[in-house]
Amino acid sequence: MSIALILLIFLVVVVAVIAAGVGIYNGLVRSRNAYRNAFAQIDVQLQRRFDLIPNLVETAKAYMSHERQTLEAVIAARSAAQSGLAAAKADPGDAAAMAQLAASQGQLNGVLGRLMAVAEAYPELKANQNMLQLSEELGSTENKVAFARQAYNDAVMAYNNRRETFPANVFAGMFNFATAALLDIPLEKREQVREAPKVQF
């Protein structure tokens, strides 16, 4: 075997290894971008939800003058949830940011559930056309948030699986592809979320 042939084989192997490395790196980038895009859909739906809440509170305020604490708790929880979303937007997939987002959303779900339960005691509020429309939009948005969260979690799972398998795990470590965190509502809040908010008026 001549030296030229050995050199050619060596160059072919090197090029093949480099091409495989580039493919693995690009696959990791595509997977990371996929879960970030999926998180952007959560952001859109949560922003829509946040925009509905002040209108819901204003409508309820006219009928629920004795329930000021409940209304103030909704506004405070909305503000905390917006802060949680801002932290998660800055670094989607970061475990601490996703935990903060999940906790703040769980808290908001709880106070919205209490608002809806209290609103049951006000028949005129239940019959108010604006309240009916806002409640319907809120319910629709809650469903969209759930679907967006599932899509995000699926994309995170695909990314984490890709970055943990060999040989991609070597590249993930070399190029700092960190593990992405799922968005999961804490267990103590899960029952509240499944039952609330009830938005049929």
For [X] and [Y], work out which heavy atoms get closest and say how close.
{"X": "Ala77", "Y": "Val111", "result": "CB-CG2, 3.4 Å"}
{"X": "Ala88", "Y": "Leu101", "result": "CB-CD2, 3.8 Å"}
{"X": "Ala81", "Y": "Leu108", "result": "CB-CD2, 3.9 Å"}
{"X": "Ser135", "Y": "Met116", "result": "OG-CE, 4.4 Å"}

Pick one: which of Thr59, Val57, Leu125 meets side chain to side chain contact (heavy atoms under 4.5 Å, CB included) with Met64?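 For Met64, the side chain to side chain contact (heavy atoms under 4.5 Å, CB included) check succeeds only for Leu125.
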Spatial distance of atom CD (Glu164) from atom OG1 (Thr179) [nearest 0.5 Å]: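 It comes to 5.5 Å.
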Do [X] and [Y] have side chains that get closer than 4.5 Å, going by heavy atoms?
{"X": "Val170", "Y": "Ile24", "answer": "no"}
{"X": "Leu28", "Y": "Phe175", "answer": "no"}
{"X": "Val156", "Y": "Met98", "answer": "no"}
{"X": "Ile53", "Y": "Leu112", "answer": "yes"}
{"X": "Phe171", "Y": "Arg163", "answer": "no"}
{"X": "Val74", "Y": "Leu56", "answer": "no"}

Which residue pairs pass the side chain to side chain donor-acceptor pair (under 3.5 Å) test with at least one member in residues 17-32, sequence neighbours excluded?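 Qualifying pairs: Ser31-Arg162.
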Looking at Tyr35 versus Tyr159, is the centre-to-centre ring distance below 6.0 Å?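 Yes.
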Indicate whether the side chain of Gln133 and that of Glu137 have a donor and an acceptor atom separated by less than 3.5 Å.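 Judged by distance alone, the side chains do pair up.
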Within 6.0 Å of CD1 in Ile3, more than 12 heavy atoms from elsewhere: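 Atom CD1 in Ile3 is not packed in, count stays at 12 or less.
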